[in-house]
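This is a predicted model, so every value here is computed, not measured.
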Amino acid sequence: MIPALALFALTYVLMLRLPQERPWVALCSAAVFIALGEVGIYDFSLGAALRAVDYNVLLMMAGTMGTVSLFIESKMPARLAEMLIAKVPDVRWAVCALALFAGFVSAFVDNVATVLMVAPVGLAIARKLKISPVPVLIAIAVSSNLQGAATLVGDTTSILLGSFADMNFFDFFWMRGRPGIFWGVELGALASMAVLLWLFRRETQPVTAKVETEVEDDVPAALMLLTVGLLIAASFLPQPGSDVLRALYELRSGLVCMGLCLFGVVRACLRARSAKPLGRVVRELDRDTLLLLFGLFIVIAGVRAAGVIDAAAALFHAIAGEDPFRLYLLLVAVSVVLSAFIDNIPYVAAMLPVVQGIAGLMNNGAGMEPYVFYFGLLTGATLGGNLTPIGASANIAAIGILRKNGEAVATKDFLRIGVPFTLAAVLAGAAYLWLVWGRA
């Protein structure tokens with residue numbers, strides 16, 4: 001376990017120190033983890049590493065990137081930017097309105113996809129107002145991460161919880177006669193909006209704009225809306241029994257995004273009577289972000305195979321003992337801290353059965369309902385990713401977009417927004433969830 005822990009720490013130190021080289025750091029670290037597993041230091045083979053990669057997320061990202069490229073080319077983002085600017089009095093409210101909009105979309109669509117959809121609007125606003133797009137896109141990313149826990153389809157971790165705890169779409173709103181996790185997330189969103197208003201308090205430049213841009217093609221915008229609708233519909237599909245169909249079922253969100261992207265590209269090529277739209281979409285793909293996520297999936301799986309995450313999880317019951325409130329606080333706090341540095345998807349997947357087991361040991365073996373602990377785990381793990389630039393896929397995607405547009409993002413720039421945003425949202429949401437579910 002010690003070699004894996006040391007390698008894991010070195011990987012994230014290098015990512016923080018060398019932001020431009022993060023994809024290669026992650027891939028090299030993944031290769032070392034596989035090599036350590038192959039020589040027998042721990043049980044982790046090349047096959048296990050490849051199975052650990054979440055191809056659904058990668059397909060969804062690649063497909064959404066392609067659709068977003070068509071969306072930008074249609075000039076719809078520029079028009080949306082003008083419509084938004086025309087409705088708000090100053091830059092501060094423009095940024096907050098955009099963050100709220102991103103949060104609303106992210107409650108129903110994966111937060112990475114949300115960033116890919118909304119970021120072009122943020123970039124257009126920043127260019128019109130001649131301000132740095134860095135804080136604007138960071139606000140979009142952290143707001144997307146926050147709202148990802150609000151519904152069953154908002155984030156991969158929500159899907160994991162829904163499947164494990166046998167929760168349906170509406171259980172996130174109202175469950176067993178009580179308000180669900182959705183309302184805790186929204187309370188955290190209100191607290192975090194107050195933080196954004198304070199952080200952007202000096203951005204009081206008046207906003208004056210006319211809606212002048214003409215949209216050249218409405219179909220890319222329709223494809224974006226259809227993506228949202230089909231992703232929601234896909235969450236209601238029953239899991240098939242066949243192995244082949246089950247494999248496709250696990251990739252359903254990615255296949256939706258990629259299928260709509262391919263339709264849009266083929267249509268654009270036919271419309272232009274050339275392959276130029278295809279070439280443009282391929283060039284617009286953020287390969288660095290895709291490679292980074294590919295490597296991180298393997299790194300986290302290696303850490304888990306080495307027993308690092310399991311050993312950390314085993315400490316929970318020993319420290320918390322029989323006190324449910326202490327266990328709840330511990331779960332929230334540790335989830336926030338760990339998710340700031342590791343991907344929350346494998347962390348939540350590893351912790352859900354642990355939390356279930358601990359809940360069964362409470363009350364001297366009589367057990368108690370685990371839902372408050374599930375919700376605490378999801379809240380901490382989802383929001384904890386907002387503490388650092390590499391804590392959540394949405395953050396990585398936003399920084400990748402900024403990099404492709406020639407903007408450098410220092411770690412301190414992200415922390416200035418991420419830390420107070422996260423603390424406000426976690427404190428408000430966690431307090432609500434304990435008051436509603438902790439006294440059951």
Side-chain angles (χ1 to χ4, degrees), residues 77-109 111-151 154-155 182-209 211 382-383 385-387 389 392 394-395 397-399 401-402 407 409 412-429 432:
R79 184 172 180 85
L80 289 175
E82 291 169 351
M83 292 171 65
L84 183 60
I85 291 172
K87 299 286 185 181
V88 295
D90 54 37
V91 172
R92 173 183 54 179
W93 284 104
V95 173
C96 291
L98 198 57
L100 282 172
F101 175 67
F104 171 77
V105 173
S106 186
F108 300 96
V109 180
N111 50 24
V112 173
T114 300
V115 169
L116 295 175
M117 290 179 187
V118 181
V121 183
L123 286 171
I125 288 176
R127 287 167 180 158
K128 277 187 170 294
L129 300 177
K130 297 181 180 179
I131 62 174
S132 170
V134 172
V136 178
L137 263 65
I138 291 175
I140 290 171
V142 295
S143 184
S144 298
N145 287 329
L146 164 64
Q147 294 281 7
T151 72
D155 194 28
F182 172 85
W183 306 104
V185 173
E186 296 313 308
L187 188 62
L190 290 176
S192 62
M193 281 303 106
V195 170
L196 286 182
L197 283 171
W198 182 78
L199 289 172
F200 288 91
R201 64 192 182 279
R202 293 189 179 91
E203 302 292 341
T204 57
Q205 306 96 307
V207 175
T208 55
V211 181
T382 303
L383 296 180
N386 281 335
L387 283 177
N395 300 344
I399 291 171
I401 292 170
L402 287 166
E407 299 287 342
V409 184
K412 65 178 181 180
D413 294 332
F414 191 95
L415 297 179
R416 186 177 70 88
I417 296 175
V419 172
F421 186 98
T422 301
L423 292 178
V426 168
L427 290 174
Y432 160 85

For [X], what residues pass the side-chain contact (heavy atoms from CB on, under 4.5 Å) criterion, not counting sequence neighbours?
X    : answer
A97  : L84, V88
L415 : T411, V419
P135 : S132, F200, R416, I417

Contact between [X] and [Y] at the side-chain level, heavy atoms closer than 4.5 Å - yes or no?
X    : Y    : result
L123 : L137 : yes
L146 : L383 : yes
R127 : P133 : no

For [X] versus [Y], what's the shortest heavy-atom pair and its separation?
X    : Y    : value
L197 : C96  : CD2-SG, 3.5 Å
P420 : L199 : CG-CD1, 4.2 Å
L387 : G418 : CD2-O, 4.4 Å
A394 : V115 : CB-CG2, 3.8 Å

Exceeds 12 heavy-atom contacts within 6.0 angstrom, atom OH of Y432
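It does: Y432 OH has more than 12 such atoms within range.
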Please say whether more than 12 non-hydrogen atoms of neighbouring residues, nucleotides or ligands are located less than 6.0 Å from CZ in R202.
no
Residue pairs fulfilling salt bridge (Lys or Arg N to Asp or Glu O under 4.0 Å) with at least one residue in residues 185-196, sequence neighbours excluded:
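Every candidate salt bridge (Lys or Arg N to Asp or Glu O under 4.0 Å) pair involving residues 185-196 fails, so no pair, neighbours aside, qualifies.
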Salt bridge (Lys or Arg N to Asp or Glu O under 4.0 Å) contacts in which one or both residues fall within residues 90-104, not counting sequence neighbours:
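Matches after skipping sequence neighbours: D90-R92.
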Gap separating the [atom1] atom of [X] from the [atom2] atom of [Y], nearest 0.5 angstrom:
X    : Y    : atom1 : atom2 : answer
W93  : L100 : CH2   : CG    : 9.0 Å
L402 : I138 : CG    : CD1   : 7.0 Å
S143 : N386 : OG    : CG    : 9.0 Å
L196 : F421 : CG    : CZ    : 5.5 Å
N395 : I140 : CG    : CD1   : 12.0 Å
F101 : S144 : CZ    : OG    : 10.0 Å

For A189, does its backbone N or O pair with a side-chain atom of S192 as donor and acceptor, under 3.5 Å?
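Flag set: sc S192 to bb A189 pair under 3.5 Å.
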Could you tell me whether the side chain of S106 and the main chain of A102 form a donor-acceptor pair under 3.5 Å?
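Between the backbone of A102 and the side chain of S106 there is no qualifying donor-acceptor contact (under 3.5 Å).
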